[in-house]
Amino acid sequence: MKRVPRMILNVVLIVIIFLGLNTYIGWNIYVFKAHYTTSMSPVWFSIVFTILVFSYLIGRWGKHNPVGRLLKVIGSYYLALMEFMIILLPFADISAWLLQRVGYSESFYIPVVGWTTTILLIILFIWGSYNAWSPILRTYHVPISKKASVNRKLTIAVASDIHLGNIVGNRHLKRLIKGINQMKPDLILLPGDIIDDSIEPFMRNSMSESLKQLHATYGVYAVLGNHEYYGGNIEQYIKEMSLIGIRVLRDETVSIENADIIVAGRKDKSAESMDPEGRVSIEKLLEPSDKSKPIIVMDHQPYGFQQAAEAGADILLCGHTHRGQFAPNHWVTRRLFELDWGYMLKHSMHVVVSSGFGTWGPPIRLASRSEIIRLDVDLEG
C-alpha cells in the first residue's frame with residue numbers, strides 16, 4: 001500500500017518539474033518576442049504556448065484524424081526543442097545578466113543573446129535531422145566456436161526500433177530496404193519496435209508493401225518491442241507481418257535447418273506486466289535447443305545478459321535504448337544499462353545493442369545515428 005502514495009508523489013513531482021521548466025522556457029520566448037512585437041498579449045501567448053507544450057499528448061488522443069496527427073508531429077519536435085532549450089537557456093540568461101551588469105541595455109543584449117540561442121537551436125536541429133534521416137551501416141565480426149555442417153560464414157542484417165508511424169514512414173523505410181538488400185543477407189532479424197505504438201498509420205500508408213521487399217536466403221524474423229505492446233494491436237500486427245512473410249517470435253525458437261542455426265525470440269519485457277501469459281525465462285526458452293548449434297537470441301530491451309549467456313546463447317541482439325537518441329540523454333542510458341549501444345563480449349556470448357533505425361518522438365539524433373547492423377558470423381569448419 002505504501003507504493004501507491006509514493007507513486008502518486010513521484011507523478012506530482014514530475015508534473016510540477018515539467019510545468020516549471022516549460023514556464024521558464026515560455027517566459028524566455030515571450031521576452032524575446034516582446035522585444036520585437038507586442039501584438040499578442042501575455043494571456044493569448046500563454047494559451048498558444050500551452051497548446052504547443054501539450055500538443056504531443058493532444059495528438060495522441062486524436063491520432064485518427066489529420067489535426068491530431070499534425071499536433072503529434074508538432075509536439076514531437078517540441079520535445080527536442082524543450083530539451084535543447086533547457087540546456088541552452090541558463091547560459092543565455094547568464095550571458096544576458098552579465099551584459100546588463102557591464103552596462104549594456106536591453107535593446108542590445110536581448111537580440112544578441114536571443115538570436116545567438118536561436119541560431120544554435122537551428123544548427124542542432126539540422127545536425128540532428130541529418131543523423132536521423134541518414135542511416136549508416138555498422139559491421140561486427142562475430143566468431144563462434146561451433147562447427148558448421150552447412151555454412152561457415154553467415155551474413156545477418158539487423159534493424160531495430162524502426163518506429164513506423166506518422167513521422168517515420170515509407171520514405172525512410174525505403175532506405176532500410178535498400179541498405180539491407182544491398183548486403184544480400186542470409187538472414188534478417190528485427191529486434192522489436194517495428195511500429196510506433198498505433199498500427200493505424202502502418203495500415204493507412206501500406207507500409208507492409210515496403211517491408212515485404214526485404215529479402216534474405218533464410219527468411220526474416222522479428223520480435224515484439226514495448227511500443228507494439230503500447231499500441232495494443234499485437235494480434236493484428238502479427239497477422240499483417242505474417243502475410244508478408246515475416247514471422248514474429250513470441251517466446252519461440254526456430255531451427256533453420258538449411259543454415260544449421262537456431263533463432264530465438266523473446267517477448268518484450270513489457271509482457272511481464274501487459275501480457276496475461278507473461279513471458280518465459282531465457283533458461284526455459286532455450287532449454288530444448290540443441291546447444292551444439294549456434295543460437296541467436298532477439299530480446300528487445302538489453303537486460304539479463306548474464307542469464308542469456310548461461311542459458312547457451314551465442315549472440316544476443318537488442319535495441320530499445322536509441323543510445324538516448326539525442327545528447328545528453330546518452331549519459332543516462334549509459335548508466336541504466338550494462339550496454340546501451342554497440343558491442344560487448346559477455347563470457348563467450350556476443351552482445352549487440354543497436355541505436356535503432358528510426359526515432360521515437362522527434363526525428364532528431366545527437367550523439368547517435370540511425371543505423372543498420374551487419375553481422376559477419378564465422379563458424380568453425
Side-chain angles (χ1 to χ4, degrees), residues 72-84 87 118-141 155-185 188-196 201-202 205 207 209-211 213-216 220 222 225 227 300 317-331 333-334 340-343 352-376:
K72 186 177 179 181
V73 172
I74 293 172
S76 296
Y77 278 99
Y78 179 73
L79 293 175
L81 178 67
M82 180 178 72
E83 183 158 344
F84 294 156
I87 296 169
T118 301
I119 291 169
L120 287 174
L121 286 170
I122 291 171
I123 291 171
L124 289 174
F125 267 76
I126 292 173
W127 181 18
S129 295
Y130 175 80
N131 287 342
W133 297 126
S134 304
I136 61 173
L137 177 66
R138 297 194 194 278
T139 302
Y140 297 101
H141 177 233
T155 299
I156 301 176
V158 182
S160 76
D161 300 272
I162 306 173
H163 286 276
L164 296 171
N166 288 316
I167 294 176
V168 180
N170 279 311
R171 180 179 298 179
H172 196 48
L173 182 54
K174 288 177 181 176
R175 298 185 183 110
L176 176 69
I177 308 299
K178 181 180 179 181
I180 286 181
N181 286 344
Q182 278 181 342
M183 67 175 83
K184 298 180 180 179
I188 299 173
L189 300 176
L190 309 174
D193 279 2
I194 311 305
I195 60 174
D196 187 37
F202 180 80
N205 294 313
M207 295 182 191
E209 292 299 308
S210 296
L211 266 181
Q213 295 175 34
L214 288 171
H215 299 297
V220 185
H227 280 263
H300 178 64
L317 302 175
C318 308
H320 182 63
T321 69
H322 295 216
R323 203 196 180 199
Q325 191 159 312
F326 41 83
N329 298 339
H330 62 299
W331 294 343
T333 58
R334 188 185 302 168
D340 73 323
W341 170 75
Y343 168 87
V352 175
V353 180
S354 174
S355 61
F357 182 79
T359 55
W360 176 84
I364 302 291
R365 283 184 175 272
L366 291 172
S368 73
R369 287 293 298 270
S370 170
E371 67 178 19
I372 302 170
I373 291 174
R374 172 179 174 141
L375 298 182
D376 289 330

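Model, not experiment: these values are computed from the prediction. FYI, the numbering just counts along the sequence from 1. Atoms considered below: every heavy atom in the structure, side chains included; atoms not considered: hydrogens, waters and symmetry mates.
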Atom [atom1] of [X] and atom [atom2] of [Y]: how far apart are they, to the nearest 0.5 Å?
{"X": "Phe125", "Y": "Leu366", "atom1": "CZ", "atom2": "CG", "value": "9.5 Å"}
{"X": "Arg171", "Y": "Trp133", "atom1": "CZ", "atom2": "CH2", "value": "8.5 Å"}
{"X": "Lys184", "Y": "His215", "atom1": "NZ", "atom2": "NE2", "value": "12.5 Å"}
{"X": "Ile177", "Y": "Leu214", "atom1": "CD1", "atom2": "CG", "value": "3.5 Å"}
{"X": "Asp340", "Y": "Asn329", "atom1": "CG", "atom2": "CG", "value": "11.0 Å"}

When you look at Met183 and Ile372, which way does the side-chain contact (heavy atoms from CB on, under 4.5 Å) test go after all the steps?
-> CA-CA 11 Å; Met183 67 175 83; Ile372 302 170; 4.0 Å; yes
Please name the pair of heavy atoms, one in [X] and one in [Y], separated by the smallest distance, quoted to 0.1 Å.
{"X": "Ser354", "Y": "Trp341", "result": "C-CD1, 4.1 Å"}
{"X": "Phe326", "Y": "Ala80", "result": "CZ-CA, 4.0 Å"}
{"X": "Asn131", "Y": "Ser368", "result": "CB-O, 3.7 Å"}
{"X": "Lys72", "Y": "Asn166", "result": "CD-ND2, 4.3 Å"}
{"X": "Ile180", "Y": "Ala159", "result": "CD1-CB, 4.3 Å"}
{"X": "Gln213", "Y": "Asn181", "result": "O-ND2, 2.9 Å"}

Would you say [X] and [Y] make side-chain contact, with heavy atoms under 4.5 Å?
{"X": "Arg369", "Y": "Ser134", "value": "yes"}
{"X": "Tyr140", "Y": "Ile373", "value": "yes"}
{"X": "Glu83", "Y": "Pro328", "value": "yes"}
{"X": "Leu211", "Y": "Val220", "value": "no"}
{"X": "Val168", "Y": "Asp196", "value": "no"}
{"X": "His172", "Y": "Ser370", "value": "yes"}
{"X": "His163", "Y": "His322", "value": "yes"}
{"X": "Leu79", "Y": "Trp360", "value": "yes"}

Asp161 side chain to Gly358 main-chain N or O, any donor-acceptor pair under 3.5 Å?
->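 Such a contact is absent between Asp161 side chain and Gly358 backbone.
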Sub-3.5 Å donor-acceptor pair from the side chain of Arg374 to the main-chain atoms of Thr155, do we have one?
->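 Looks like no, no N/O pair under 3.5 Å.
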Worked check of side-chain contact (heavy atoms from CB on, under 4.5 Å) between Leu173 and Phe357 = CA-CA 9 Å; Leu173 182 54; Phe357 182 79; 5.8 Å; no
Regarding His300 and Asp193, is there a side-chain donor-to-acceptor distance under 3.5 Å anywhere?
->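 Their side chains do contain a donor-acceptor pair, which is all the 3.5 Å distance test asks for.
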Please determine, by modelled atom types, if Ser210 and Asn170 share a side-chain donor-acceptor pair under 3.5 angstrom.
->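 A donor-acceptor contact under 3.5 Å links the two side chains.
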For side-chain contact (heavy atoms from CB on, under 4.5 Å), just list the numbers for Ile364 and Thr359, CA-CA rounded to whole Å, side-chain angles, deciding distance to a tenth of an Å, and then say yes or no.
-> CA-CA 7 Å; Ile364 302 291; Thr359 55; over 6 Å; no
side-chain contact (heavy atoms from CB on, under 4.5 Å) between Leu375 and Leu317, worked out = CA-CA 10 Å; Leu375 298 182; Leu317 302 175; 3.7 Å; yes
